[in-house]
Amino acid sequence: METEDEAGGQITDEIYTNGGEDESPSQQRRPTISGEQLDIEAYAALYTGRTKISRLIFISDKCNNVSMQLEALRMAYDEIKKGENTQLFREVVQKIDGRLGPNFGSDSGWMDSVDRRADQRKEKLENELNAYRTNLIKESIRMGYNDFGDFYYAHGALGDAFKNYVRTRDYCTTSKHIIHMCLNAILVSIEMGQFAHVTSYVSKAEQNKTDLDSITIAKLQCAAGLAHLEAKKYKHAARKFLETAPELGNNYSEVIAAQDVATYGGLCALASFDRAELKAKVIDNINFRNFLELVPEVRELIHDFYSSHYASCLDYLGNLKSNLLLDIHLHDHVEALYTQIRNKALIQYTHPFVSVDLNMMANAFKTTVAGLQKELEALITDNQIQARIDSHNKILYARHADQRKATFQRVLQTGVEFDRDVRAMLLRANLIKYDYNLKASRKI
Amino acid sequence: MNSNVNSVDSLVTEIQGLSGSSQDVAHLNNILKQSEDVIRSQAATFASCLTLLDPSIHSLGYLYVLEACTAGPVPEAQANEIILHVVRFIDACSVEQIRLASDKFISVCKRLHELVMILNAPMRAVGPLLTAIRKIQPSPEHLTPLHPDFLQVCLLAKCYKSGYSILEDDICEVDQPRDFFLYCYYGGMICIGQKRFAKALELFHNVVTAPMSTLNAIAVEAYKKYILVSLIHLRQFSATFPKYTSSVAQRNLKNLTQPYVELANIYSTGNVSELKEFVQANQEKYENGNNLGLVKQVVSSMYKRNIQRLTQTYLTLSLQDIANTAQINTHKEAEMHVLEMIEDGEIFATINQKDGMVRFLEDPEQYKTCEMIEHIDSSIQRIMKLSKKLTTMDESLSCDPLYLSKVGRERQRFDFDDFDNVPQKFNL
């Protein structure tokens, strides 16, 4: 019964996969594509380890579609069973709440055996570590702490895992060890959401330039990109993702998939780069093209943006949105990135013209004239577009700053300010002098 | 000569005899100083000799006696008479003579201020105090202790114009910080009365940023008004203090002026209805601070702020749209606001009543006229004068022995090796 259900679910998912990821035309035919099209099975296959579980749980938390929620939870349940994290298991069971039938209930037998084994293993590790410590063999102590870190990580005690990984640092003898330590620390920090740690360990690892292989460099760049993304420094994030070498492949699936690099990098670049930079660093970037091939929608929308097909670019963005909102790293930034991209598009559209017919522009952006006027108004107030709107004739006129006039105005203004500030300063100097004299006379 | 004046007669003789040349007057000043106690102890008897003296010729002697007579408590019935005496004296007295005993003169004037306050007739002191300030001031740059008193009576008597006349001189020399605080505070209020918001802002700013070791109530009140005037005039308010502001002010002012700071925050959102609600909710606080009138002006300036922002973005806009975006109730009202702003020269626009459209124009000033060049020239002159003053002050400060000894000490602490008695550089 259960297996049949599962198989059925998989088949429908497969179909959606083909529909959704096949090619862009199919998407255009169905512009109202929505979140339910996210193929969880395919999505989860991109990741391994803990991040797979957290991503699945994240999807089940964020998504309103019950069938999708259960699908995500079911896969998370299966995945956890392969590991040893009983804490997470309990959480997922609680979330499932019996909705998936008896096979996905709380399995106390499994939990007990895992916990028992964990206790034994912990004891063993402790004994080993103590022995190493009394013998003062550096390498063994390092291994001991590392094992402890692995152990805690597997059981979901991220804080302890982090502590133990970092502790190995004192016993590192080669730069390889240091890089290993840093990668472990970065992994745990990303899981914990402590992106400040990520940045610092990335830079620590990068200090050992000579011993870094290309895959590790790519990993570090991804981690740094994530940290910048989380700190809302989209430009820096974009640069990091764009520099990531294609060797990354599936090697960092415990953190990020190659598809994500394309999506994150592409969106951040669109939001923060100017035209020249976009061309040089994204479109002409052979390395990054490999990533973009994996997510044709992002590739298409970047090209559309660059060739000023804003309507179709915005269409793609709209279609992608619901799926991006389910992404564990990007969901917080989707709105900000989208607004920035849209504003960029508006600015670029108006840039080459002396006057723009608002009706045509509204068509190009698939919006109403009134809405467009509001958006333009905000941009003009922000001084991002130098233009003024003729709302009677619905035309946008570029505004040519009169340099001479502006200079005169500024000069006079500066004069007034200087005058005022100097006088105020003289007054304050006088007051201080008075105060000082008073003190001096009191001393005498 | 008997230097000790014992009787009324001998005093009168001395005064009459020694009021001629400047040497004589200086001598008289010494005599009077020595006999000050005697005059004061028998003030009542000496009062009679005032009739024998001419305030314009025997100013110094007259001043001493007058000061003694007014020093004690005055019954309200006599107050009127004394005011008359003082006023007549201030009008007639000779500038050279009174400057010899400026503290006496100031205490007489302060007495006058007190008396008119008791009689609740501040108007009577406006003219005399103005004359007194002009007479006692060594230069228009000096702040005298009479300034705050004068401005206060001007405020109470609503004689903003005469008060403003004294504010037009830039003060530079200050003796008493308290006088300075009050001068700026009252002065700012007078400027508000005259709708000279820029000047008011400058004065309040001076109070807020003045060096102070402990916070004072004047600064707190001034900060409240500073926020409001800044909103009315500049249509914005920057909550950060300049770095030269004293640390006590930076730390405490905002906490003490909460409703005002919040008002400024709400103002910056541009939402009229929210602002009105907030004002309504805090009306009592503003009323207690005597700032409700200003707060109301802030609210009405909000419309103008919103309209002004539109001129940046639009070339033409219908009155109805203006009303909608600026959150004005009707297009008629919007038209009124726009008209007002055009009249005040705040915006440049034409209203087309047929279509109900407003066309915003650029500033027509071309900076080509003679007047403009004259204006620029006068600005340059003013600033040259100012920087000359700055240089002089810098020089005088670099020669100040107190300053030098302090700087010298600090240098020693920093580098022992090349310490030298005279500091070579002054980084002011």
Side-chain angles (χ1 to χ4, degrees), chain A residues 355 370 373-383 385-402 404-409 411-441 443-444, chain B residues 141 143 170-177 180-181 184 198-199 201-202 205-206 209-213 242 244 246 309-318 321 325 352 355 357-360 362-363 365-367 372 375-376 379-380 382-383 386-387 389-390 393-394 397 400 402-403 405-406 428:
Chain A
S355 61
Q373 203 166 307
K374 273 265 165 327
E375 280 180 88
L376 287 173
E377 191 189 316
L379 286 172
I380 295 171
T381 319
D382 242 20
N383 212 11
I385 296 181
Q386 278 75 38
R388 282 166 70 180
I389 303 166
D390 182 344
S391 112
H392 186 52
N393 302 316
K394 300 291 175 209
I395 292 175
L396 182 79
Y397 286 104
R399 186 182 203 174
H400 295 288
D402 185 340
R404 182 172 169 276
K405 219 189 241 182
T407 312
F408 268 108
Q409 259 168 8
V411 166
L412 286 173
Q413 182 65 25
T414 314
V416 170
E417 274 165 21
F418 177 80
D419 188 30
R420 193 188 58 209
D421 292 350
V422 168
R423 271 188 288 119
M425 194 188 73
L426 286 174
L427 269 173
R428 284 196 305 277
N430 255 316
L431 282 171
I432 292 174
K433 196 166 112 192
Y434 166 82
D435 207 40
Y436 187 69
N437 284 344
L438 198 71
K439 264 186 219 151
S441 65
K443 254 181 237 161
I444 297 160
Chain B
E141 289 184 355
L143 182 74
D170 293 322
I171 291 298
C172 193
E173 299 289 324
V174 182
D175 293 334
Q176 271 289 342
F180 173 70
F181 283 118
C184 288
K199 180 83 183 168
L201 211 55
E202 186 188 327
H205 184 258
N206 283 346
T209 59
M212 51 181 129
S213 49
Y244 45 75
S246 63
R309 288 170 82 99
L310 291 177
T311 64
Q312 306 295 317
T313 26
Y314 287 99
L315 215 55
T316 60
L317 196 62
S318 70
D321 282 345
T325 17
N352 180 348
D355 307 339
M357 282 305 230
V358 179
R359 189 173 183 83
F360 297 117
E362 297 274 347
D363 183 355
E365 176 63 64
Q366 289 297 320
Y367 298 96
M372 185 43 79
H375 173 65
I376 292 172
S379 297
I380 294 173
R382 201 183 62 225
I383 285 179
L386 196 65
S387 65
K389 195 150 90 189
L390 199 62
M393 180 145 168
D394 182 25
L397 202 62
D400 190 316
L402 273 173
Y403 172 73
S405 66
K406 191 172 161 63
L428 290 179

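Here is how names work: the chains are called A, B, and so on, in the same order as the sequence lines, proteins then strands, and each is numbered from 1.
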Task: Side chain A/R404, main chain B/Q366, donor-acceptor under 3.5 Å - done: yes
Exactly one of B/I171, B/L386, B/N206 clears side chain to side chain contact (heavy atoms under 4.5 Å, CB included) with A/R423, and that residue is B/L386
**Asked** Checking A/R428 against B/Y244: charged group under 6.0 Å from the ring centre and within 45 degrees of the axis?
**Response** yes
Applying a strict 4.5 Å limit to non-hydrogen atoms, the region of B/M212 in contact with chain A is neither
Counting heavy-atom pairs under 4.5 angstrom with chain A, the leader among B/I376, B/L317, B/D321 is B/L317
Note: vs chain A, highest number of non-hydrogen pairs under 4.5 angstrom among B/K389, B/H375, B/E202 is B/E202
Nearest heavy-atom contact between B/S318 and A/S391 is N-OG, 4.3 Å
A/A429 and B/M393 have their tightest heavy-atom pair at CB-CE, 3.5 Å
Kindly indicate whether the side chain of B/Q312, heavy atoms from C-beta on, has any atom under 4.5 Å from the side chain of A/N383.
-> no
Output for pair (A/Q373 CD, B/T325 OG1), nearest 0.5 Å, gives 9.0 Å
*Stepwise, does the side chain to side chain contact (heavy atoms under 4.5 Å, CB included) test hold for B/V174 with A/L427?*
CA-CA 7 Å; B/V174 182; A/L427 269 173; 3.5 Å; yes
Is any side-chain heavy atom of A/T407 closer than 4.5 Å to a side-chain heavy atom of B/Y367?
no
OG (A/S355) and CG (B/L315) are apart, to the nearest 0.5 Å, by 11.0 Å
Rounded to the nearest 0.5 Å, the OG atom of B/S246 sits from the CG atom of A/L431 at a distance of 11.0 Å
**Message:** Are more than 12 heavy atoms, taken from residues, nucleotides or ligands other than A/K374, located less than 6.0 Å from that residue's NZ atom?
**Reply:** no
Original post:
So do the side chains of A/R388 and B/F360 get within less than 4.5 Å of each other, counting heavy atoms only?
Top reply: yes
Taken to the nearest 0.5 Å, the spacing of B/R309 CZ from A/E377 CD works out to 9.0 Å
d(A/L379 CG, B/T313 OG1) to nearest 0.5 Å is 11.0 Å
Turns out that what part of B/E365 lies under 4.5 Å from chain A's heavy atoms comes down to backbone
When the 4.5 angstrom heavy-atom criterion is applied to A/L412 and chain B, the contacting part is side chain
